[in-house]
S.K.: 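Handing you this structure, nothing more for now.
Whatever order the structure lists them in is the order used to number ligands and atoms, beginning at 1. Everything numeric in this text was worked out from a predicted model, so none of it was measured.
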Amino acid sequence: MVVVTGGTGYIGSHTVVELINNGYEVVILDNLSNSHLDVLDSIEEITSKRPTFFQVDVDDRNQLNTVFAELGTSVEAIIHFAAKKAVGESVQEPLMYYRNNVGSLVNILEQTQKHGISKFVFSSSCTVYGQPDVCPVTESTQRKEAESPYGNTKTICEDIIRDCCKVQELTAISLRYFNPIGAHSSGKIGELPVGTPNNLVPYVTQTAAGIRESLTIHGNDYPTLDGTCVRDYIHVVDLAKAHLQALKRLEGSLPKSKYEVYNIGTGDGKSVLQVVDAFIAATGINVPYKIGQRRGGDITEIFADTTLANQALNWKAELSLEDALSSSWNWEKNYRSRKG
Ligand code: NAD
Ligand code: UDP
């Protein structure tokens, strides 16, 4: 049995689908602070299996004690997605972010210790690299001081896991995600931004759908190919599959107490304008845009060297940027039509 915290969220739900499709029994722990219960129906529609669900706050030790006492010794591994992820909000409310993201990790690691759970996968982020001096970044590229409390929670959590692996019967992998985009091909699960989206692709799809008047491109005077920022956009289904490969590695011959870190991206940097053009090419829908000011805290360019994940996890991104963008569009249309 695999416990997935944050399993009704965007990346968690796609990973749960891959786990179920690969024969794993899944238990989701989520407090629904940024997701909805009907995601369980969608997962069931896609996989014909409904994962067990506990509505719990992973930040609450008592609730976790009760759930893990009930699950007993049948938990083989934990994939820990549950976290708050709004960068701007973390700047305004740092304590909320440290409590929720770091506190939850400490609580869940306590359960691994208590119940002898030895396999752990953690959602980290390329935000730990800050603005890198050289691209692509490898896992040994030095981490930089985080740009936000959210980013700092990822750096701190990575270090906590590393320290626990040294003394516990724990073998763990942190996956440093680059920019996850896209949705499941069924159009039944995808990203559900609350309010006005901050991220590029939800803003693009909402503009294409006529919900937003036009996209503002945050600056075109960066030292990049066309002046707009460059990121490594990874299809969420490819990202979900990386978790499966990480689990397989933990189930394999990895020495006890080993802690590993992998970049999960495509290895290909794309500018904001390239994403907009690719969306128009993939969907045939126009996206009106204007050039605005730079957004505070934006990094000029980052993309991954994925050699380590290709080799050690036997994982490689397979889906294209166009695949990801048309799946996002499909999800946006489906979601709007379901909402009426
Ligand atoms: P999401 O908000 O869609 O999913 C997170 C889930 O965790 C939500 O369902 C939320 O309800 C739940 N949750 C939050 N705090 C909780 C708590 N205390 N107890 C129980 N459940 C809780 O986010 P996502 O995009 O799926 O991100 C998943 C993970 O990946 C997070 O750790 C995030 O920081 C990390 N990550 C995301 C991105 C990205 O761009 N989406 C990039 C890098 C890393
Ligand atoms: N971006 C933009 N307009 C938007 C949202 C994002 O130009 O409405 C740009 C943003 O400045 C960055 C890139 O798109 O250069 C990716 O931003 P996103 O917030 O999706 O991801 P980040 O890499 O910042 O986590």
Side-chain angles (χ1 to χ4, degrees), residues 4-15 28-37 39 54-60 63-64 67 79-88 90 96-97 99-105 107-108 122-128 147-148 150-151 153-154 157 174-181 189-194 196-204 206-207 212 214-220 222 224 228-234 236 239-240 243 264-265 270-276 287 289-303:
V4 180
T5 74
T8 44
Y10 172 45
I11 305 168
S13 58
H14 288 82
T15 304
I28 295 176
L29 311 187
D30 202 300
N31 65 358
L32 302 177
S33 57
N34 199 36
S35 55
H36 300 278
L37 207 50
V39 168
F54 289 91
Q55 184 169 351
V56 286
D57 190 339
V58 185
D59 188 27
D60 183 325
Q63 287 185 26
L64 269 195
V67 169
I79 306 181
H80 183 51
F81 291 102
K84 289 187 171 291
K85 62 167 182 178
V87 174
S90 80
M96 183 168 86
Y97 271 69
R99 182 179 297 283
N100 192 71
N101 294 5
V102 180
S104 292
L105 176 83
N107 288 347
I108 204 90
F122 175 66
S123 301
S124 190
S125 166
C126 67
T127 178
V128 300
E147 305 270 336
S148 68
Y150 165 72
T153 67
K154 294 298 176 193
C157 286
S174 287
L175 299 178
R176 290 179 179 159
Y177 313 157
F178 281 66
N179 285 54
I181 60 165
I189 51 173
E191 189 173 11
L192 259 187
V194 180
T196 308
N198 283 312
N199 294 115
L200 178 62
V201 172
Y203 210 106
V204 166
Q206 291 195 9
T207 306
R212 313 278 157 207
S214 78
L215 168 75
T216 301
I217 293 181
H218 299 314
N220 68 348
Y222 286 94
T224 60
T228 64
C229 294
V230 170
R231 298 286 184 274
D232 185 337
Y233 295 93
I234 170 89
V236 68
L239 174 57
H243 294 78
I264 304 296
K270 295 286 184 200
S271 74
V272 178
L273 280 171
Q274 284 176 322
V275 172
V276 174
V287 180
Y289 69 81
K290 52 180 188 271
I291 306 294
Q293 296 295 309
R294 286 184 177 201
R295 184 172 73 174
D298 261 344
I299 279 152
T300 303
E301 177 172 56
I302 186 162
F303 54 96

S.K.: Please say whether more than 12 non-hydrogen atoms of neighbouring residues, nucleotides or ligands are located less than 6.0 Å from CZ in Arg99.
M.R.: no
S.K.: Is it true that Ser35 and Thr8 share a donor-acceptor pair across their side chains at a distance under 3.5 Å?
M.R.: yes
S.K.: Measuring from Ser13:OG to Ile28:CD1, what's the distance to the nearest 0.5 Å?
M.R.: 8.0 Å
S.K.: Any atoms of ligand 1 less than 4.0 Å from a non-hydrogen atom of Phe81? List them with their elements.
M.R.: 28 (C), 29 (C), 31 (C), 32 (O)
S.K.: Got the closest protein heavy atom to atom 34 (O) of ligand 1, with its distance?
M.R.: Tyr150 OH, 2.6 Å
S.K.: Is the closest side-chain heavy-atom distance between Gln206 and Pro193 below 4.5 Å?
M.R.: yes
S.K.: Which residue holds the protein heavy atom closest to atom 38 (C) of ligand 1, what is that atom called, and what is the gap in Å?
M.R.: Pro180 CG, 3.9 Å
S.K.: Collect the protein residues that have a non-hydrogen atom under 4.0 Å from ligand 2 and hand them over in chain and number order.
M.R.: Asn179, Asn198, Asn199, Leu200, Tyr203, Leu215, Thr216, Ile217, His218, Cys229, Arg231, Tyr233, Val272, Arg295, Asp298
S.K.: Do any nitrogen or oxygen atoms of Lys85 come within less than 3.5 Å of a nitrogen or oxygen of ligand 1?
M.R.: yes
S.K.: Does Gly6, backbone or side chain, put an N or O under 3.5 Å from an N or O of ligand 1?
M.R.: no
S.K.: Test your reading of the model: is there a side-chain donor-acceptor pair from Asp57 to the backbone of Asn31, 3.5 Å cut-off?
M.R.: no
S.K.: Would you mind listing which atoms of ligand 1 come within a distance below 4.0 Å of any non-hydrogen atom of Ser123?
M.R.: 29 (C), 30 (O), 32 (O), 35 (C)
S.K.: For ligand 1, which atoms, with element, lie under 4.0 Å from some heavy atom of Asp57?
M.R.: 17 (C), 18 (N), 19 (N)
S.K.: Examine distances only and state if a side-chain atom of Tyr222 and a backbone atom of Ile299 form a donor-acceptor pair shorter than 3.5 Å.
M.R.: no
S.K.: Regarding ligand 1, does Asn34 bring an N or O atom to under 3.5 Å of one of the ligand's N or O atoms?
M.R.: yes
S.K.: Nearest to atom 19 (N) of ligand 1, what protein heavy atom do you find, and at what distance?
M.R.: Val58 N, 2.9 Å
S.K.: Mark up the atoms of ligand 1 that fall under 4.0 Å of a heavy atom belonging to Val56, in ascending order.
M.R.: 19 (N), 20 (C)
S.K.: Report the distance from atom CG of Asn220 to atom NZ of Lys290, rounding to the nearest 0.5 Å.
M.R.: 14.0 Å
S.K.: So, Phe81 versus His243, ring centres under 6.0 angstrom or not?
M.R.: yes
S.K.: What's the shortest distance from atom 4 (O) of ligand 1 to any protein heavy atom, and which residue and atom give it?
M.R.: Gly9 CA, 3.4 Å
S.K.: Give the atom numbers and elements of ligand 1 that come within less than 4.0 Å of a heavy atom of Ser104.
M.R.: 18 (N)
S.K.: Closest by any non-hydrogen atom to atom 12 (C) of ligand 1: pick that one out of Leu32, Asn198, Asp30, Val194.
M.R.: Asp30
S.K.: Below 4.0 angstrom from a heavy atom of Ser33, which ligand 1 atoms are there? Numbered from 1 as shown, please.
M.R.: 10 (C), 11 (O), 13 (N), 14 (C), 15 (N)
S.K.: Between Thr127 and ligand 1, which residue portion shows a heavy-atom distance shorter than 4.0 Å: side chain, backbone, both, or neither?
M.R.: neither
S.K.: Do any nitrogen or oxygen atoms of Asn100 come within less than 3.5 Å of a nitrogen or oxygen of ligand 1?
M.R.: yes
S.K.: What protein heavy atom is closest to atom 27 (O) of ligand 1, reported as residue, atom name and distance in Å?
M.R.: Ile11 CD1, 3.8 Å
S.K.: Can you sort out which atoms of ligand 1 are near Ser35, meaning under 4.0 Å from one of its heavy atoms?
M.R.: 8 (C), 9 (O), 11 (O)
S.K.: Can you tell me which residue and heavy atom of the protein come closest to atom 17 (C) of ligand 1, and the distance to 0.1 Å?
M.R.: Asn31 ND2, 3.3 Å
S.K.: Just verifying a value: how many Å separate Lys154 NZ and Ser174 OG, rounded to the nearest 0.5 Å?
M.R.: 9.0 Å
S.K.: Locate the shortest heavy-atom distance separating Arg295 from His218; write the atom from each residue and the value.
M.R.: CD-CD2, 3.5 Å
S.K.: With a 4.0 Å cut-off on heavy atoms, does Leu192 reach ligand 1?
M.R.: no
S.K.: Test your reading of the structure: does Leu29 have an N or O sitting under 3.5 Å from an N or O of ligand 1?
M.R.: no
S.K.: Heavy atoms, side chains only, cut-off 4.5 Å: are Asn198 and Val87 in contact?
M.R.: no
S.K.: How close does the nearest protein non-hydrogen atom get to atom 5 (C) of ligand 1, and which residue and atom is it?
M.R.: Ala83 O, 3.9 Å
S.K.: As an exercise, state the distance from CG of Leu105 to CG of Asn100, rounded to the nearest 0.5 Å.
M.R.: 11.5 Å
S.K.: With a cut-off of 4.0 Å, which atoms of ligand 1 are near a heavy atom of Ser125?
M.R.: 43 (C), 44 (C)
S.K.: Are the charged groups of Arg231 and Asp298 less than 4.0 angstrom apart, N to O?
M.R.: yes
S.K.: Start with the C-alpha distance between Val230 and Ser271, add both sets of side-chain angles, then the distance that settles side-chain contact (heavy atoms from CB on, under 4.5 Å), and finish with yes or no.
M.R.: CA-CA 4 Å; Val230 170; Ser271 74; 4.1 Å; yes
S.K.: Purely on distance, is any nitrogen or oxygen of Tyr177 under 3.5 Å from one on ligand 1?
M.R.: no
S.K.: Is any side-chain heavy atom of Pro197 closer than 4.5 Å to a side-chain heavy atom of Arg212?
M.R.: yes
S.K.: Between Asn107 (side chain only) and Val58 (backbone N and O only), is there a donor and an acceptor less than 3.5 Å apart?
M.R.: yes
S.K.: What's the shortest heavy-atom distance between Tyr177 and Ser123, and which atoms?
M.R.: OH-OG, 2.7 Å
S.K.: May I ask you to identify, for Lys154, whether its side chain, its backbone, both or neither come under 4.0 Å of ligand 1 on a heavy-atom basis?
M.R.: side chain
S.K.: Return yes when Ser124 approaches ligand 1 closer than 4.0 angstrom through a heavy atom, no otherwise.
M.R.: yes
S.K.: Calculate, to the nearest 0.5 Å, the distance between atoms CG and OG1 belonging to Asp59 and Thr5 respectively.
M.R.: 12.0 Å
S.K.: Give a yes/no on ligand 1: does Arg176 have at least one heavy atom closer than 4.0 angstrom to it?
M.R.: no
S.K.: So, for Glu147 and Gly297, which heavy atoms are closest and what is the spacing to 0.1 Å?
M.R.: OE1-O, 3.9 Å
S.K.: Can you tell me how far apart NE2 (His80) and SG (Cys157) are? Round to the nearest 0.5 Å.
M.R.: 6.5 Å
S.K.: Just need the protein heavy atom nearest to atom 3 (O) of ligand 1, so name the residue and atom and give the distance.
M.R.: Tyr10 N, 2.8 Å
